[in-house]
Engineer: 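Sharing a structure with you now.
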Amino acid sequence: MSSFLEKNRRTHRCHELRGENLGDEVILMGWVDSLRDHGGRRFIDLRDREGLTQIVFKPETDDKLHQLAHELRNEWCIGVRGVVEDRVANGGSENPKLVTGTIEVNVLELEVFNRSVVPPIQVEDQIETSEEKRLQHRVLDLRRPKMQKTFKLRHRIAQATRNFFDREGFLEVETPILVKYTPGGARNFVVPSRLNPGEFYALAESPQLYKQMLMMAGFDRYFQIVKCFRDEDLRGDRQPEFTQIDVEMSFGVEEDIQTIMEGLVQQIFRESLGVEVATPFKRMSYQECMDRFGSDKPDLRYGLEHVTLNETLGKFDGGGVPFFKSTLDEGGLIKAMVVPAQYKLSRADGDKLEDFVKGLGAAGLGRAKVGADGAWTQSPFAKLISDDARLALNSACGAQEGDLLLLQFGNAKKVHMVMSALRQHLANTLGIIDALGDDTKWHLHWVTDFPLFEENEEDGTFGAAHHPFTSPQVGHEDKLTSDPASCLARAYDLVLNGNEIGGGSVRIHDDKVQAKVFDAMSISEDDKEAKFGFLLEALKYGAPPHCGIALGLDRLVMLLRGTTSLRDVIAYPKTQKGTDLLTGAPTPVDLKQLQEVHIASIAKKN
RNA sequence: GGGGCGGUAGUUGAGUUGGUUACAACAUCGGCCUGUCACGCCGAAGGUCGCGGGUUCGAGUCCCGUCCGCCCCGCCA
């Protein structure tokens, strides 16, 4: 051990020293952040987790030390003992950018704990480096103050969560990561069992069934900050392993769990950002979200609402536009959006928007500039559409002179996807998001009344829209057999600024209802027993009514931190192909290792 | 599975119609400098143009393939 550390213990962190510490002898530890060598005066900003402190080496204090300081380089890890002095009194000036900017530490003793080779990326907030390089050199990347700020925020959020649930009587209980493999739903990561040849665990997609069984076991209120694993294709906001704030409670209905979660979110905002969010949050049905915004997680901070034109144009049998008529005849959807005249979109702007939607897979972008008397220009439909239909359409959309109408028609799912993406795109490119004031910066709302099932377009079978343990709405039980498509669920999502940050439901606690739901999804008796027999069994012993939710912690941190990538808020994230550029995972394993777990690889070698 | 963008000194970028020794900034190295804090000044070094193949007298530039990263659609009960 260095003799320096034996004699000296850190007295302060690098954000702490102030004018009142003048004359104190202090000991700081950290990294060389920047060097300014004036020959007779050598200045260094010393950095630790909390901030920067300027340290200075002077020949008149210690000539040898001053010579030695010339050797120091960026990112060396050092410790110093010195005296706090006033910068101005020393003939310098204050640095208003630093909280420690009025003082400096005149170094009496220096210890180099470790030198650094020249860092491949610079440890500075403002230097932009490719994400690939940052992930390769994650240790250096994580040294950047921005990153450390992120993880302090993440810690605050996790602590606020634990404090909140503790106060509300929730128990944190750990559930297994190695779980029973069940096909269907998200793809599982599989783990071979050495002790059981040919058999596999799955990594838990979520603790869903375990938390429900905790309710059946009488735990009453549970939460867990828990890692979950899904082997699906990745996105900026999707990682193969991610963290959920997982919650379940007995004897509650939607209102109860929603109120509790509103309290949690309120506390998280308060303790992490110092922002007060108002409760209760707005509630909006799934159907209304889709109609008005084309999304089940709409951003409600701005307008640009969609208008469904099927009824209006149906009255005119398509109004003379063949595309409209064929869409109506085929049971498709026609939607429009109005970009108000104030945004002054040119024909060229419209072309760019068309390129944007084509990039999403749209055939094109229907357009019309509304003129005086409701006439249309810059539109392929202008000469086709009848006057009556055009005026009715203008009126349905509330379009005024100078406005730009944007239209999509065809397959409903695609129309919604394209129009929703277009709405977000416009909000960003027209500066609507940037113009939001502080009081409208955060918008939270619940989406309710989801369908219980999703129909498979290929074979007409039904799958669970949320998960198969979600309760149908009161009075909808008969629809499980008569009309599954119209059966609504007691499910709810929490949306923050157009991002789904959580979702949950009231669960089924009646084994007969659970069996009917499985039937609606065409799950055979054998499958029921094989996959979920343990749950059906547990439901037989006095299962309490219960409900729950899970919030995506990573996504929440991402939004509160103002970034658009989960990789910015996970210390060691994976790339879009699921690799870890820092360690090189995944890698092949030794043949011996494979044999031990009774596995043979059929992958072709590169 | 599909679409799009990108890969050039340590880093971020420029590089025209295919044509001399591939350029700039920052970083690095050496020297000078007693009040800097994006320190300054002088000087130097630094390149498998992702990789492989092709076209050509000649390829960073054109063509084919491939790898990697990012964004999006599908997918994510």
Engineer: Nearest to the side chain of A:N95 - B:G69, B:U34, B:C37?
Structural biologist: B:C37
Engineer: Can you tell me how far P in B:A27 sits from the matching atom in B:C64, rounded to whole Å?
Structural biologist: 41 Å
Engineer: Specify the separation, in whole Å, of atom CG of A:N74 and atom C1' of B:C37.
Structural biologist: 13 Å
Engineer: Let me know the distance between CG of A:L422 and C1' of B:C73, rounded to the nearest Å.
Structural biologist: 16 Å
Engineer: Who passes salt bridge (charged side-chain N to carboxylate O under 4.0 Å, His left out) against A:R42, sequence neighbours left out?
Structural biologist: A:D37
Engineer: NA contact type, A:Q136, heavy-atom cut-off 4.0 Å: base, sugar-phosphate, or nothing?
Structural biologist: nothing
Engineer: Mind checking if A:G236 touches a base, just sugar-phosphate, or nothing, with heavy atoms under 4.0 Å?
Structural biologist: sugar-phosphate
Engineer: On the nucleotide B:C73, are OP1 or OP2 found under 4.0 Å from the side-chain N or O atoms that A:R235 carries?
Structural biologist: yes
Engineer: A:H137 side chain to A:I121 main-chain N or O, any donor-acceptor pair under 3.5 Å?
Structural biologist: no
Engineer: To the side chain of A:R567, which of B:G74, B:A77, B:C70 is closest?
Structural biologist: B:C70
Engineer: Consider the side chain of A:V118, meaning its heavy atoms from C-beta on, and name the nucleotide among B:A77, B:C70, B:U28 that approaches it most closely.
Structural biologist: B:U28
Engineer: Any stacking of A:H38 on B:C39, going by centres under 5.5 angstrom and planes within less than 30 degrees?
Structural biologist: yes
Engineer: Identify which nucleotide among B:U12, B:U34, B:C71 has an atom closest to any side-chain atom of A:S130, counting heavy atoms from C-beta outward.
Structural biologist: B:U12
Engineer: Report, as yes or no, whether the 6.0 Å neighbourhood of atom CZ on A:R115 holds more than 12 heavy atoms from other residues, nucleotides or ligands.
Structural biologist: no
Engineer: Which one is paired to B:A22, where only Watson-Crick or G-U wobble pairs with both distances under 3.5 angstrom count?
Structural biologist: none
Engineer: Using heavy atoms to find the nearest nucleotide of RNA chain B for A:D45 and A:R41 separately, return the residue whose nucleotide is more 5′.
Structural biologist: A:R41
Engineer: Just by distance, no angles: are the side chains of A:T448 and A:E254 close enough, under 3.5 Å, to form a donor-acceptor pair?
Structural biologist: no
Engineer: Please report the distance, rounded to the nearest Å, between CG in A:N456 and P in B:A77.
Structural biologist: 14 Å
Engineer: With a 4.0 Å cut-off on heavy atoms, is A:I121 in touch with a base, just the backbone sugar-phosphate, or nothing at all?
Structural biologist: nothing
Engineer: For B:C76, give the paired nucleotide (Watson-Crick: N1-N3 plus N6-O4 or O6-N4; G-U: N1-O2 and O6-N3; both under 3.5 Å), or none.
Structural biologist: none
Engineer: Does B:A44 have a Watson-Crick or wobble mate here (both distances under 3.5 Å), and if so which one?
Structural biologist: B:U28
Engineer: Have a look at A:R230 and say if it touches a base, only the backbone sugar-phosphate, or nothing, with a 4.0 Å heavy-atom cut-off.
Structural biologist: sugar-phosphate
Engineer: So what does A:E104 hit on the nucleic acid, given a heavy-atom distance under 4.0 Å: a base, only sugar-phosphate, or nothing?
Structural biologist: base
Engineer: Can a side-chain donor-acceptor contact be found between A:D449 and A:Q473 if the only test is distance below 3.5 angstrom?
Structural biologist: yes
Engineer: By the 4.0 Å heavy-atom rule, please label A:A421 as base, sugar-phosphate, or nothing.
Structural biologist: nothing
Engineer: Check the distance between B:A77's C1' and A:F453's CZ and give it to me in whole angstrom.
Structural biologist: 11 Å
Engineer: Please give the distance between the P atoms of B:G53 and B:A45 as a whole number of Å.
Structural biologist: 32 Å
Engineer: Taking atom P of B:G1 as reference, at what distance in whole Å does atom CG of A:D233 sit?
Structural biologist: 9 Å
Engineer: May I ask you to verify whether the side chain of A:E132 and the base of B:G7 hold a donor-acceptor pair under 3.5 Å?
Structural biologist: no
Engineer: Considering only atom C1', compute the distance from B:C72 to B:U16 and round it to an integer number of Å.
Structural biologist: 32 Å
Engineer: Report which part of the nucleic acid A:R73 touches: base, sugar-phosphate, or nothing (heavy-atom distance under 4.0 Å, all strands).
Structural biologist: sugar-phosphate
Engineer: Under 4.0 Å between any heavy atoms, over every strand shown, what does A:K414 touch: base, sugar-phosphate, or nothing? Just pick one.
Structural biologist: nothing
Engineer: Can you find a donor-acceptor pair, distance only, under 3.5 Å between A:S565 side chain and B:C70 base?
Structural biologist: no
Engineer: Taking only side-chain N and O atoms of A:K97, does any of them lie within less than 4.0 angstrom of OP1 or OP2 on B:C37?
Structural biologist: no
Engineer: Under 4.0 Å, heavy atoms only, any strand: does A:R187 hit a base, just the sugar-phosphate, or nothing?
Structural biologist: nothing
Engineer: Among side-chain atoms of A:Y201 and A:N188, is any donor-acceptor pair under 3.5 angstrom?
Structural biologist: no
Engineer: Give one of base, sugar-phosphate or nothing for A:D37, where a contact means two heavy atoms less than 4.0 Å apart.
Structural biologist: base
Engineer: Taking OP1 and OP2 of B:G10, is either one under 4.0 Å from a side-chain nitrogen or oxygen of A:Q122?
Structural biologist: no
Engineer: Could you identify the nucleotide paired to B:U17, looking across every strand shown and requiring Watson-Crick or G-U wobble geometry with both distances under 3.5 Å?
Structural biologist: none
Engineer: Do the rings of A:F450 and A:Y286 sit parallel, tilted or perpendicular, given the 30° and 60° boundaries?
Structural biologist: tilted
Engineer: Side chain of A:R36 only, heavy atoms from C-beta on: which candidate in B:G69, B:A77, B:U36 is closest?
Structural biologist: B:U36
Engineer: What is the distance, rounded to the nearest whole Å, between atom CD of A:E85 and atom P of B:U36?
Structural biologist: 17 Å
Engineer: Tell me what A:P120 touches on the nucleic acid: a base, only sugar-phosphate, or nothing, going by heavy atoms under 4.0 Å.
Structural biologist: sugar-phosphate
Engineer: Output the rounded distance in Å from NE2 (A:H70) to P (B:C33).
Structural biologist: 10 Å
Engineer: Could you check how far CZ of A:F356 sits from P of B:G3, rounded to whole Å?
Structural biologist: 19 Å
Engineer: Name the residue closer to the 5' end of RNA chain B, choosing between A:F532 and A:Q576 according to the nucleotide with the nearest heavy atom.
Structural biologist: A:Q576
